[in-house]
**Student:** 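Below you'll find the structure I mean.
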There are 2 protein chains.
Amino acid sequence: MVMVSTTNRNRTGVPCLACPLRLKPAFKDKPDDEIRFIQSMKVDHRQLPAGADIIHPGQEDAELYTLFSGWAFRYKSLPDGRRQILNFLLPGDLVGLQASLLSAAQHGIESLTEVELCVFPRRRTYELFARMPALAYELAWLGSREESLIDENLTSVGQRNAQERIAALLISLYRRADALGLVSEDSFAFPLTQQHLADALGLSLVHTSKTWSRLRRAGLFALSGGRLKLLNPRLTERMALLFESERRPRPLI
Amino acid sequence: MVMVSTTNRNRTGVPCLACPLRLKPAFKDKPDDEIRFIQSMKVDHRQLPAGADIIHPGQEDAELYTLFSGWAFRYKSLPDGRRQILNFLLPGDLVGLQASLLSAAQHGIESLTEVELCVFPRRRTYELFARMPALAYELAWLGSREESLIDENLTSVGQRNAQERIAALLISLYRRADALGLVSEDSFAFPLTQQHLADALGLSLVHTSKTWSRLRRAGLFALSGGRLKLLNPRLTERMALLFESERRPRPLI
DNA sequence: CGAGGCGTTGAGGTTCTTCAATCATGGTGG
DNA sequence: CCACCATGATTGAAGAACCTCAACGCCTCG
């Protein structure tokens, strides 16, 4: 939970028109004039270490970001310290849309790995709506997509048992990483500790550890060198009681 | 789960400029030209009985609605029949924003009481973004607000025990009903069965019944004639482990 | 070498679930 | 008017899932 603001003075980062993310199969094409508008709104390219507060609970002046690289998560805490991880953020995800629309952040956002963020000033969010309706529409679209992910997490925590929750989380992260080209040989970088898992699944640390180890020993997945390999995706899907979900390209802002 | 489409042929319903909801303290003022635009987008005023499917899971042509009167809820089901209620919808809430932006509804929406809906064609959602950026912004704002409610529910189900979950739900519904002027003498119409409660709280029906009765006998609330009266809101708030939350007016579309 | 972060495991207790039976209420048809 | 049925709420009993407490091992880092 280190508070760092290592603002990279290299304001440009990568030009948005040449953004490597945009080439991934996860994302839709976008007309050049919209990309140039995004470029003109981008005021910084910021790098933060793992464990940094990107937005803290109650913050009123949170900017709007796109996660360029690395992982992060949104969370909510209770007064007595219990913490619920609401969802994980991967490259291309919007960071802080809710916080920038509502007057104060109702949640916190923390980096899970070192991250790079494209920074857009929250003051100009309305300008985006006024001048680039297509982008505004995609902003709303991305907001709805995030809500849909949280719906799924709520269903998991409310209805699935420990083993089903783990399976559902693995499949969800696997699919998202895959769409971003982060999966090679069924394995992808997996920066979560068991405490993160427990807080995301609504389980105690101990029970998470036991169930996690059991599923690993049962051959569902393997973990080495910080990379997770799904050994039996089909079985995992069935164990998660998941309905099929389509995977169409999405907007990148 | 009756499928009825009692389309009220009286297309007008109430003129939006004279919408009685708009007078409630829950809602912000809006310029007349925006209200007239909303009126021009409204294609129907539809009445459905309790238990009707407003949007069914997987539906691809769901319209966008504003809930004019009555209660509804969003839910997600697992293949084996377990159901999670994601959030409750009260008058003034948008219905089906997520479904109208994404290509198919990832959830269902069902009426809890008889409801009246203002119907807006999903085909014209983009037109709204193009022609009325202020309204588009408020649409996104309402989407973020709904996400924020789901965040709270996820935190409840993931971190609170049965009694805390019930307290948190009661406070949340009480505050929302209050802002709509639906509360008189600390009591408001309460159309949920214990099955709805159980599905929203992620608890079994039996345990919900036992905890619910225990809190009622403990004097937290009283239920008679379908109306719920919160007898000790302060205590309920403390029991829910809730942070204080501001209540500013919100947009009505 | 010590400290701290992270993961694992055992033991015992609590919360919550499942199964099952009962009861109250309201509507319907004979 | 009453028998019948459906829906919803209540309660007891037994067991499973999950939680807390506690101890220990492994690793990295200073």
Side-chain angles (χ1 to χ4, degrees), chain A residues 1-2 49-51 78 80-85 110-113 156-169 190-218 221-228 239 241, chain B residues 1-2 49-51 73 78 80-85 110 112-113 156-169 189-218 220-228 239 241:
Chain A
M1 216 95 69
V2 190
L78 297 186
D80 66 357
R82 285 177 266 176
R83 176 179 77 166
Q84 177 67 37
I85 291 185
E110 186 179 320
S111 60
L112 203 49
T113 65
S156 244
V157 172
Q159 303 299 326
R160 292 192 244 250
N161 64 27
Q163 128 173 350
E164 292 163 348
R165 286 182 217 183
I166 288 179
L169 180 61
F190 193 80
L192 311 195
T193 66
Q194 294 195 351
Q195 186 65 63
H196 292 121
L197 285 171
D199 289 349
L201 299 172
L203 297 169
S204 71
L205 183 57
V206 173
H207 194 60
T208 301
S209 177
K210 285 174 181 170
T211 311
W212 181 256
S213 305
R214 187 164 55 78
L215 291 182
R216 185 163 40 67
R217 280 194 297 268
F221 61 91
L223 200 50
S224 76
R227 292 183 70 85
L228 187 142
M239 187 178 290
L241 293 173
Chain B
M1 217 94 71
V2 191
F73 62 89
L78 297 186
D80 66 358
R82 283 178 266 176
R83 176 179 77 166
Q84 177 66 38
I85 291 184
E110 187 179 320
L112 204 49
T113 65
S156 245
V157 172
Q159 303 299 326
R160 292 192 243 251
N161 64 26
Q163 131 174 347
E164 292 163 349
R165 286 182 217 183
I166 288 178
L169 179 62
F190 193 80
L192 311 194
T193 66
Q194 294 194 353
Q195 186 65 63
H196 292 122
L197 285 170
D199 289 349
L201 300 172
L203 297 170
S204 71
L205 182 58
V206 173
H207 194 59
T208 300
S209 178
K210 285 174 179 168
T211 310
W212 179 257
S213 305
R214 186 164 55 78
L215 292 182
R216 184 163 40 67
R217 280 194 297 266
L220 205 68
F221 62 91
L223 201 50
S224 76
R227 292 183 67 85
L228 187 142
M239 187 178 290
L241 293 173

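Numbers restart at 1 for each chain; the letters A, B, ... are given by sequence-line order, proteins then strands. Predicted, not measured: the structure shown is a model, and the values here were computed from it.
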**Student:** Mind calculating the distance between CG (L223(B)) and P (dA24(C)) to the nearest angstrom?
**Tutor:** 18 Å
**Student:** R82(A) has an atom CZ; how far is it from atom P of dC18(D), in whole Å?
**Tutor:**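 My rounded result for the distance is 17 Å.
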**Student:** Does dT8(C) have OP1 or OP2 under 4.0 Å away from a side-chain N or O of Q194(A)?
**Tutor:**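 Result: yes.
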**Student:** Looking at every strand, decide which applies to S204(B) at a 4.0 Å heavy-atom threshold: base, sugar-phosphate, or nothing.
**Tutor:**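 Base, at least one base atom sits under 4.0 Å.
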**Student:** Quick one, K210(A) and V206(A) - any side-chain contact, counting heavy atoms below 4.5 Å?
**Tutor:**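 Contact flag for K210(A)/V206(A) side chains = yes.
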**Student:** For nucleotides 24-29 of chain D, print each protein N/O atom paired with a nucleotide N/O atom at under 3.5 Å, atom names and distance only.
**Tutor:**
none

**Student:** Using a heavy-atom cut-off of under 4.0 Å over every strand shown, decide if L205(A) touches base, sugar-phosphate, or nothing.
**Tutor:** nothing
**Student:** Could you list by number each residue of residues 209-217 of chain A showing a heavy-atom separation from DNA chain D of less than 4.0 Å, or answer none if no residue does?
**Tutor:**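 Heavy-atom contacts with DNA chain D come from no residue of residues 209-217 of chain A; none.
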**Student:** Roughly, in whole Å, what's the span from CG in N161(A) to C1' in dT15(C)?
**Tutor:**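 In whole Å, dT15(C) C1' and N161(A) CG are 16 Å from each other.
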**Student:** Distance from R165(B) atom CZ to T211(B) atom OG1, nearest 0.5 Å?
**Tutor:**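 One gets 9.5 Å once the value is rounded to the nearest 0.5 Å.
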**Student:** Side chain of V206(B): nearest nucleotide among dT18(C), dT17(C), dG10(C)?
**Tutor:**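 The closest nucleotide is dT18(C).
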**Student:** What's the spacing between I166(A) CD1 and R214(A) CZ if we round to 0.5 Å?
**Tutor:**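 CZ of R214(A) is found 8.0 Å from CD1 of I166(A).
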**Student:** Given side chains that start at C-beta, do those of Q159(A) and L241(A) come closer than 4.5 Å, heavy atoms only?
**Tutor:** no
**Student:** Can you tell me how far the CG atom of L112(A) sits from the OG1 atom of T193(A), to the nearest 0.5 Å?
**Tutor:** 7.5 Å
**Student:** What distance do Q195(B) atom CD and I85(B) atom CD1 have between them, rounded to the nearest 0.5 Å?
**Tutor:**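 The CD1 atom of I85(B) is 8.0 Å from CD of Q195(B), to the nearest 0.5 Å.
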**Student:** Please state how far atom CZ in F190(A) lies from atom P in dC6(C), giving the value in whole angstrom units.
**Tutor:** 14 Å
**Student:** Rounded to whole Å, please give me the gap between CD in Q195(B) and C1' in dT10(D).
**Tutor:**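 Distance, rounded to whole Å: 14 Å.
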**Student:** Measure the distance from NE2 on H207(A) to P on dT15(C) and round it to the nearest whole Å.
**Tutor:**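 Nearest whole value for this atom pair: 17 Å.
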**Student:** Taking CD from Q163(B) and C1' from dC16(C), how many angstroms apart are they, rounded to a whole number?
**Tutor:**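 Roughly 14 Å, once rounded to whole Å.
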**Student:** Looking at dC18(D), dT17(C), dA9(D), which one has an atom nearest to any side-chain atom of L203(A)?
**Tutor:**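 Nearest nucleotide to the side chain: dC18(D).
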**Student:** Decide side-chain contact (heavy atoms from CB on, under 4.5 Å) for M239(B) and L215(B); before the verdict, give the C-alpha distance in whole Å, the side-chain angles of both, and the deciding distance to 0.1 Å.
**Tutor:** CA-CA 11 Å; M239(B) 187 178 290; L215(B) 292 182; 4.0 Å; yes
**Student:** Between the side chains of S209(A) and Q194(A), does any donor sit under 3.5 Å from an acceptor?
**Tutor:**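 Yes.
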**Student:** Within this structure, what is the CD-to-P distance between Q159(A) and dA17(D), rounded to whole angstrom?
**Tutor:**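 Result: 16 Å.
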**Student:** Nearest 0.5 angstrom please: L192(A) CG to L197(A) CG, how far?
**Tutor:** 5.0 Å
